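Have a look at the structure below, then the notes.
Just so we're clear, the structure is a prediction, and the values are computed from it rather than from any experiment. So you know, we letter chains A, B, ... as the sequences are listed, proteins then strands, and number each from 1.
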Amino acid sequence: MRTVAFADEKVVDLVQSNFIAVWHNQSVESARNRPSAPEGAQPAYTAEELELYPEGGGGSNALSYFCDARGRVLHLVRGWWRPERFLEEASFAKDLVSIADNREALEKAHLLHKNAHATEAQKLTAANPGEMTQPFPQSKIRRLHAALGLLGQTHEAASGVLHRPIDEIVKELERSSIREIG
Amino acid sequence: MIDGMLLALLWLFAAQDRVDGLVERLSDESAVERDRAQHELQELGRPALAAIRKHLESTKDAEVKARLTAVVAALTTIRWERDLKAAMDKAGKANKALLVFSTIGEPDGYA
């Protein structure tokens, strides 16, 4: 996310203009003060590698919580997403701010957005019937279809944390982190 | 419509003048003045980015180059807060939404 979605000009613009961005390191305390990665240590992904990387992958290793000014969660995006899709979800989250106090309206908005993804997936299948039996690495359509399924799941996850205070969620993440990185 | 275009052009020239003036101040004898100029360049925001980049490409002064590089970096990367509580206070006061990205690793490391 750091080198792709969060380096994208449009994503940077949208995030900087509309959100106060917080980076939370899930690593246990002992791992947090290790030196930064040297410049160039993480090689840039090639265009082919990016194309093959499954959107939505990474799950709970990449959690983007969008919250209102009071710190209440409005939307959650799980996993790694390309700039275009992340921008779409961040824009959706930005629009939720105006209805932040209305729980029912928030749930309705999430349902509509989730249904839109499901419709997109159905249209994709209908337009490309032969693609769904292709192996993943060989089918961009299949990968997109899977990504849309993951987005649907992310909306369900978001509905489960709607209005929860983000500081409580972060504390839970820290308590449940069992990773030790040397 | 022509008025609008004229106004836009005038704004562009004024903005360019402003950037030029601030970049000149990056070579001021006073370090305080150089810091101030760098800060003001950053405050101009994304609209000034193209003009700032042009100066970055053409300058031969090492310190000016370093300062302009820092300004470009500030304008083209997300400024990540690290203290959630402080960020929540800031968000509340500014009535601004929050994005909390939770992952394993640091913003300048592997992610």
For B/Lys90, does the NZ atom sit with more than 12 other heavy atoms under 6.0 Å from it, leaving out its own atoms?
-> no
Do other residues, nucleotides or ligands put more than 12 heavy atoms under 6.0 Å from the CD atom of B/Glu24?
-> no
Measuring heavy-atom distances to chain B, does A/Asp13 have an atom under 4.5 Å in its side chain, in its backbone, in both, or in neither?
-> both
Give the intermediate values and the outcome of ring pair (Phe, Tyr, Trp, His ring centres under 6.0 Å) for residues A/Phe86 and A/Phe6.
-> CA-CA 9 Å; A/Phe86 188 82; A/Phe6 291 145; 5.4 Å; yes
Shortest non-hydrogen contact from A/Ala158 to A/His75?
-> CB-ND1, 3.8 Å
If contact means a heavy atom pair closer than 4.5 Å, which residues of residues 161-168 of chain A contact chain B?
-> A/Ile166, A/Asp167
Residue pair A/Glu9, B/Arg46: steps toward the salt bridge (charged side-chain N to carboxylate O under 4.0 Å, His left out) verdict | CA-CA 10 Å; A/Glu9 191 176 313; B/Arg46 293 296 290 259; 3.3 Å; yes
Yes or no on salt bridge (charged side-chain N to carboxylate O under 4.0 Å, His left out) for A/Glu55 and A/Arg143, after CA distance, side-chain angles and deciding distance?
-> CA-CA 8 Å; A/Glu55 280 196 284; A/Arg143 292 196 297 277; over 6 Å; no
Output, in order, the C-alpha distance, side-chain angles, deciding distance and verdict of salt bridge (charged side-chain N to carboxylate O under 4.0 Å, His left out) for A/Arg85 and A/Glu88.
-> CA-CA 5 Å; A/Arg85 192 64 78 174; A/Glu88 204 179 281; 3.1 Å; yes
Between A/Ala7, A/Ser64, A/Ala93, the one whose heavy-atom pairs under 4.5 Å with chain B are most numerous | A/Ser64
Per-residue tally against chain A (heavy atom, under 4.5 Å) across B/Asp89, B/Leu84, B/Asn95, B/Leu75 peaks at B/Leu84
Of the backbone (N, CA, C, O) and the side chain (C-beta and beyond), which part of B/Arg79 lies under 4.5 Å from a heavy atom of chain A, both, or neither?
-> both
Do other residues, nucleotides or ligands put more than 12 heavy atoms under 6.0 Å from the CD atom of A/Glu107?
-> yes
